[in-house]
Amino acid sequence: MCYGFDGHAALRQSLDRRDLLRGSLAALAGIGLATGLGATAAQAGGGHHHGRRPVPKELISLQLWTVRDALNGSPGYDATLAHLARIGYPRVELALGYFGRTARELRRFLDRIGIKASSSHDGIAADAAGLEQKIANARTLGQRFMVVPYLNSDREDDWKRWAEQMNVEAAAARKAGLRYGYHNHAHEFTIDFGNGRRPWDVLTEELDPRLVHLEIDIYWAVTGGINSGEGVDDPEGFTLDVIRSAPQRVLQYHVKDRDPATGDMADLGTGMIDFARIFRGHQVLEYIVENDTPDVTPQQTAAVGYRYLRRLRF
């Protein structure tokens, strides 16, 4: 599972904090930026393009959950990030906090080693102050994106409340010049509320497409299609249908492979997923390497993923 947070706790707090967060939007508007977001989003409109091209190096990133063991143990945070810079990664998607640094201190460190924190995985804020701090940190770090990584419930009303809350947070993020997204797993496509509706149906209906984008985790979308039965024959086609049918823009990918025999995650290029087909069908603003269960070591998985994306043509 990708780095997440306690979705049930978020639900318990959602009703109390909703009014507080709405009240905070006016104050947060004071830190807004003129960013030209609409023009940037148009670059990720998808569609089929002729010719074969590489993934642009500047759009390749790594989700730090992939290297969490190295961050928390040996060789440690600083050495692991420096190693990612040497591999060639220009950016990372943050997770697991700042490892004893403030946002400003972390920004100085990342600037020094030549890596940009372009995105982060953050749970829904507990209150207005938490949202304001989350946005302030993202701006300090120079992020472009902030993404809710995980929610899970078998109750439709929970997903509706979460969608409402994310719309409120996304409005505040937009005023601050940030893009706010949601990251999927497989269960959004497999939980049945008993009426033929799934969490994915609720999210794509309720999340405001003017404010919230999607970070599609390709492994989990493929797995969701296989587990639901809808994508067994053509998992990449199922994934492209998910992307094309959503009113929300898909601006980021989590790129991780799937072992054809076990269904487990696999290092990029060693599994079954035809990424070139998906990338031809829809291009994004960030291609984020990830493997929750690295095949050898986290550092080697990171290197394999970077080389795979640099060599891939689509």
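The analysis underlying the following values was restricted to heavy atoms, covering all of them including side chains, and did not include hydrogens, waters or symmetry mates. Residue numbers count from 1 along this sequence.
Applying the 6.0 Å contact sphere to CZ of Arg104 captures no more than 12 heavy atoms from other residues, nucleotides or ligands. In this structure, Asp233 places its CG atom where only 12 or fewer heavy-atom neighbours from other residues, nucleotides or ligands lie under 6.0 Å away.
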Glu215 vs Gln63, side chain to side chain contact (heavy atoms under 4.5 Å, CB included): CA-CA, chis, key distance, verdict
CA-CA 12 Å; Glu215 179 182 77; Gln63 164 52 243; 5.9 Å; no

Start with the C-alpha gap between Ile278 and Ile273, add the side-chain angles, then the distance that decides, and say whether side chain to side chain contact (heavy atoms under 4.5 Å, CB included) holds.
CA-CA 9 Å; Ile278 294 172; Ile273 298 177; 4.2 Å; yes

Any chance you could lay out the side chain to side chain contact (heavy atoms under 4.5 Å, CB included) test for Glu105 and Tyr98, step after step, and finish with the verdict?
CA-CA 9 Å; Glu105 290 167 342; Tyr98 301 160; over 6 Å; no

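Side-chain atoms of Thr190 never come within 3.5 Å of backbone atoms of Gly224 as a donor-acceptor pair (strictly under, hydrogens ignored). Arg139 places no side-chain N or O within 3.5 Å of a backbone atom of Leu178 that could act as its donor or acceptor partner. With hydrogens and angles disregarded, a donor-acceptor distance shorter than 3.5 Å links the side chain of His213 to the backbone of Tyr180. With Arg52 contributing its side chain and Arg313 its backbone, the two residues share a donor-acceptor pair below 3.5 Å. Lys256 places no side-chain N or O within 3.5 Å of a backbone atom of Trp220 that could act as its donor or acceptor partner. In terms of modelled atom types and a separation under 3.5 Å, the side chain of Ser61 and the main chain of Arg91 share a donor-acceptor contact. Here the side chain of Asp257 pairs a donor or acceptor atom with the backbone of Met272 at under 3.5 angstrom. One N or O on the side chain of Arg68 and one on the backbone of Trp65 form a donor-acceptor pair closer than 3.5 Å. Within the 3.5 Å criterion, the main-chain N or O of Leu207 finds a donor-acceptor partner in the side chain of Gln248. Formation of a donor-acceptor pair under 3.5 Å by the Arg311 side chain with backbone atoms of Leu309 is not found in this model.
Nearest heavy-atom pair across Gln252 and Ser119 is NE2-OG, 3.2 Å. Across every non-hydrogen atom of Asp234 and Gly237, the tightest pair is OD1-N, 3.0 Å. Between Ile115 and Tyr89, the shortest heavy-atom contact is CG1-O, 3.4 Å. In terms of heavy atoms, Gln299 sits closest to Ala70 at NE2-CB, 3.9 Å. Heavy atoms only, all atoms of each residue included: Leu268 and Val255 are closest at CD2-O, 3.5 Å. Taking every heavy atom of both residues into account, Gly196 and Asp201 meet most closely at O-OD2, 4.1 Å.
Linking ILVMFWY side-chain heavy atoms closer than 4.5 Å, directly or via other members, places Ile288 and Tyr219 in two distinct hydrophobic clusters. Follow the hydrophobic side-chain contacts under 4.5 Å out from Val284 and you reach Ile60 in the same cluster. Linking Ile, Leu, Val, Met, Phe, Trp and Tyr residues whenever their side-chain heavy atoms come within less than 4.5 Å places Leu59 and Val250 in a single cluster. Under a hydrophobic-cluster definition in which Ile, Leu, Val, Met, Phe, Trp and Tyr are linked whenever side-chain heavy atoms come within less than 4.5 Å, directly or via other members, Leu203 and Phe193 are assigned to the same cluster. Hydrophobic clustering (ILVMFWY, side-chain heavy atoms < 4.5 Å, transitive): Leu96 and Leu110 are in one cluster.
To the nearest 0.5 Å, atoms CD1 (Ile113) and CG (Leu81) are separated by 4.5 Å. With rounding to the nearest 0.5 Å, the separation of OG1 in Thr223 from CZ in Arg258 is 4.0 Å. Taking CD of Glu93 as the start and OG1 of Thr66 as the end, the distance is 9.5 Å to the nearest 0.5 Å. The distance from atom NE2 of His185 to atom CG of Asn152, rounded to the nearest 0.5 Å, is 9.0 Å. In this structure, Arg161 CZ and Met166 CE are separated by 13.5 Å, a value rounded to the nearest 0.5 Å. From Trp200, atom CH2 reaches atom OH of Tyr182 across 7.5 Å, with rounding to the nearest 0.5 Å.
Contact check for Leu94 versus Leu106: side-chain heavy atoms found under the 4.5 Å cut-off. Contact of the Glu286 side chain with the Arg144 side chain is not registered, since no non-hydrogen atoms from C-beta on lie closer than 4.5 Å. Using a 4.5 Å cut-off on side-chain heavy atoms (C-beta onward), Val242 and Ile216 make contact. Between Arg280 and Arg277, some side-chain heavy-atom pair lies under the 4.5 Å cut-off. In this structure, Ser153 and Trp162 have side chains that are in contact, with non-hydrogen atoms separated by less than 4.5 Å. Side chains of Arg112 and Phe109 form a contact here, defined as non-hydrogen atoms less than 4.5 Å apart. Proximity of Leu141 to Arg107: side-chain heavy atoms (C-beta onward) are separated by under 4.5 Å at one or more points. Using a 4.5 Å cut-off on side-chain heavy atoms (C-beta onward), Ile135 and Glu132 make no contact.
Ring planes of Phe275 and Phe279: tilted class, angle from 30 to 60°. Aromatic ring orientation, Phe314 versus Tyr287: tilted (interplanar angle from 30° to 60°).
Between Asp78 and Arg101 there is a salt bridge, since a side-chain N of the basic residue sits under 4.0 Å from a carboxylate O of the acidic one.
Centroid-to-centroid, the aromatic rings of Phe189 and Phe238 come within less than 6.0 Å.
No side-chain N or O of His121 forms a donor-acceptor pair with one of His183 less than 3.5 Å apart.
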